[in-house]
Amino acid sequence: MNDRVSSPMPSAWPVPTQPTVRRTAMKAWMEGMVYLLPSLLLFGVFLFYPLARTLYLSMFSTNYQGAPIRFVGWAHFAALFQDESFWHSVKTTFSFAVLTVPTTVAIAFCLALLVHEKRKGIGIFRTLFASTMGMSVAVASIIWMFMYNPAIGIMNRLLSALGFPAVSWLLDPDTALYAVAVATIWMNIGFTFLLLLAGLQNIDPSLYESARIAGLSYWRQLWTVSVPLLSPTLFFVTTVSLIQALQTFGQIDFLTKGGPVDATNVFVYAIYREAFVNYQFGFASAQAIVLFVIIAAITFLQFRFAERKVHYQ
């Protein structure tokens, strides 16, 4: 009888040791960081550093050049929350957002539904509806400034033709915010329309065919097929439009300068005026930090609650 014990066969694939696994993971991490380095540099220079610098300046009193001269801690924030003009700018900003965001999304959605149909010459209307996104805020604001002009503007001429008295659109505190909101809606429709149209065209046509075979009407197809499958795009454009509304500056600066009587003094314009007109850079920095926190909180709440209604394919 052979008492020799056969030696085990060597493994075809060597089992990696713990240091080898660690080195491989570290190498993969470093390789990933190399690819991310350009983006990290851009974010660091244009986002992280300005944010840190703004937080730093918010705790100091500054001179006219913006250099910190005296540490005040949280005094700017305490004064800010006791300032009536701050709460007025917050109220104006949210009123502006309520006026512009739902209206822009609703109009853009209706336009996208209109041109989504395959009709002869529909491409002309697609180009026209999307054309506003090719125009800068400055140019669009100047166009609307002439349209709102009390003497030569087309808006008052239309009112006169209908038998109504002329309106000082940008000079009346009761109409200025609405006038700027209308101009903003017109400026933002092109971008929102283009995204919603792309979302509609990405829906599988066979789903509509199945709905028609099942006898569903057009409106029933809209609410059971189009809206659920378009919900990711709707969620995206609503979030982006809301952030843009809270950061509105260009059209306010061109059309009203925050007036009349602070009727259009939105948050970002109030920050600009505090920093570059009153030269209170520390106080303006505190306002900027508060705006950042508000936008971050609203965005978090949108992703926390509104995204539950989003249907991903």
Side-chain angles (χ1 to χ4, degrees), residues 54 58 76-107 137-138 140-145 147-150 153 155 167-189 191-192 237-302 306:
T54 301
S58 68
H76 286 316
F77 293 94
L80 183 63
F81 291 117
Q82 296 175 359
D83 187 1
E84 292 184 2
S85 63
F86 162 75
W87 293 110
H88 176 74
S89 66
V90 172
K91 178 183 176 182
T92 303
T93 302
F94 278 97
S95 299
F96 182 80
V98 170
L99 288 172
T100 57
V101 175
T103 309
T104 300
V105 175
I107 295 176
V137 174
S141 298
I142 291 173
I143 291 173
W144 280 92
M145 185 186 299
M147 292 176 64
Y148 284 135
N149 187 283
M155 304 297 287
V167 177
S168 299
W169 297 99
L170 301 175
L171 302 176
D172 188 343
D174 294 330
T175 60
L177 187 65
Y178 295 100
V180 178
V182 170
T184 303
I185 292 169
W186 182 83
M187 295 177 198
N188 294 339
I189 276 180
F191 174 75
T192 308
V237 297
T238 302
T239 303
V240 171
S241 299
L242 181 57
I243 293 174
Q244 286 181 340
L246 296 178
Q247 295 178 332
T248 297
F249 173 79
Q251 54 268 48
I252 299 293
D253 186 42
F254 278 98
L255 293 174
T256 62
K257 304 292 183 184
V261 200
D262 287 343
T264 59
N265 189 32
V266 294
F267 212 150
V268 175
Y269 195 81
I271 295 172
Y272 162 79
R273 191 158 61 179
E274 198 68 42
F276 300 104
V277 177
N278 300 331
Y279 298 104
Q280 299 294 326
F281 294 98
F283 193 68
S285 297
Q287 288 179 290
I289 293 298
V290 172
L291 177 61
F292 168 76
V293 172
I294 290 175
I295 293 177
I298 291 175
T299 305
F300 171 78
L301 291 175
Q302 281 186 297

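Every value quoted in this text rests on a predicted model; they were computed, and no experiment measured them. Computed over heavy atoms, backbone and side chain alike; hydrogens, waters and symmetry mates excluded.
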K.L.:
A side-chain contact here means heavy atoms from C-beta on lying under 4.5 Å apart; do Y269 and T256 qualify?
P.N.:
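Y269 does not reach T256 side chain to side chain.
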K.L.:
Please state whether the rings of F86 and F81 are parallel, tilted or perpendicular, taking 30° and 60° as the class boundaries.
P.N.:
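Rings of F86 and F81: perpendicular, over 60°.
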K.L.:
Got a second to check how far L80's CG is from F283's CZ, nearest 0.5 Å?
P.N.:
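Output value for this atom pair is 4.5 Å.
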K.L.:
Does any non-hydrogen side-chain atom of V182 lie less than 4.5 Å from one of W144?
P.N.:
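Yes; the side chains approach each other to less than 4.5 Å.
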K.L.:
Taking the side chain as every heavy atom from C-beta outward, state whether V167 and M155 have any atom pair closer than 4.5 Å.
P.N.:
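Of all side-chain heavy-atom pairs linking M155 with V167, none is under 4.5 Å.
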K.L.:
So, for V261 and P173, which heavy atoms are closest and what is the spacing to 0.1 Å?
P.N.:
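For V261 and P173, the tightest heavy-atom pair comes out as CG2-CG, 4.1 Å.
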K.L.:
From I189 CD1 over to T100 OG1, what is the distance, rounded to the nearest 0.5 angstrom?
P.N.:
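Here the rounded value is 11.0 Å.
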K.L.:
Less than 4.5 Å apart, side chain to side chain, heavy atoms only: is that true for V290 and F267?
P.N.:
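Yes - at least one pair of side-chain heavy atoms lies under 4.5 Å apart.
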K.L.:
Taking all non-hydrogen atoms of both residues, which atom of S141 and which atom of F254 are closest, and how far apart?
P.N.:
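That would be CB-CB, 3.5 Å.
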K.L.:
If you compare all heavy atoms of T93 against all heavy atoms of S89, which two are closest, and at what distance to 0.1 Å?
P.N.:
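Closest approach of T93 to S89: OG1-O, 2.7 Å.
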K.L.:
With the side chain counted from C-beta on, respond yes when V237 and T192 share a heavy-atom pair under 4.5 Å apart, and no when they do not.
P.N.:
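SC-SC contact between V237 and T192 confirmed.
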K.L.:
According to the interplanar angle, ranging from 0 to 90°, do the rings of W169 and Y148 count as parallel (below 30°), tilted (30 to 60°) or perpendicular (above 60°)?
P.N.:
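Answer is tilted, since the angle falls between 30° and 60°.
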K.L.:
Take atom CZ of F292 as the centre, draw a 6.0 Å sphere, and report whether it contains more than 12 heavy atoms from other residues, nucleotides or ligands.
P.N.:
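At most 12 heavy atoms, drawn from other residues, nucleotides or ligands, come within 6.0 Å of this atom.
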K.L.:
Looking at T264 and G259, would you say the former's side chain and the latter's main chain have a donor-acceptor pair under 3.5 Å?
P.N.:
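Looks like yes, one N/O pair under 3.5 Å.
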K.L.:
As a quick check of understanding, evaluate side-chain contact (heavy atoms from CB on, under 4.5 Å) for Y272 and I252, giving each step before the final call.
P.N.:
CA-CA 11 Å; Y272 162 79; I252 299 293; over 6 Å; no
K.L.:
Minimum heavy-atom separation for H88 to D262, with atom names?
P.N.:
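Closest heavy-atom pair between H88 and D262: NE2-O, 2.7 Å.
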K.L.:
What distance do M187 atom CE and Q251 atom CD have between them, rounded to the nearest 0.5 Å?
P.N.:
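Interatomic distance, M187 CE to Q251 CD, rounded to 0.5 Å: 5.0 Å.
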K.L.:
In terms of heavy-atom contacts, does CZ of F77 have more than 12 from other residues, nucleotides or ligands at under 6.0 Å?
P.N.:
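Count over threshold, so yes.
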K.L.:
Once you round to the nearest 0.5 Å, how far does NE2 of H76 lie from CG of D83?
P.N.:
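Here the interatomic distance stands at 12.5 Å.
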K.L.:
Can you see which heavy atom on R273 is nearest to which on K257, and at what distance?
P.N.:
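What the structure gives for the nearest pair is NH1-O, 3.8 Å.
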K.L.:
Taking all non-hydrogen atoms of both residues, which atom of A245 and which atom of V101 are closest, and how far apart?
P.N.:
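Result for this residue pair: CB-CG2, 3.9 Å.
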K.L.:
What distance separates I271 CD1 from N265 CG, expressed to the nearest 0.5 Å?
P.N.:
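With rounding to 0.5 Å, CD1 (I271) is 10.5 Å from CG (N265).
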K.L.:
Taking the side chain from S241 and the backbone from T238, do they hold a donor-acceptor pair closer than 3.5 Å?
P.N.:
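Not confirmed, S241 side chain does not pair with T238 backbone.
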K.L.:
Any chance you could measure N188, atom CG, to T104, atom OG1, to the nearest 0.5 Å?
P.N.:
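With rounding to 0.5 Å, CG (N188) is 5.5 Å from OG1 (T104).
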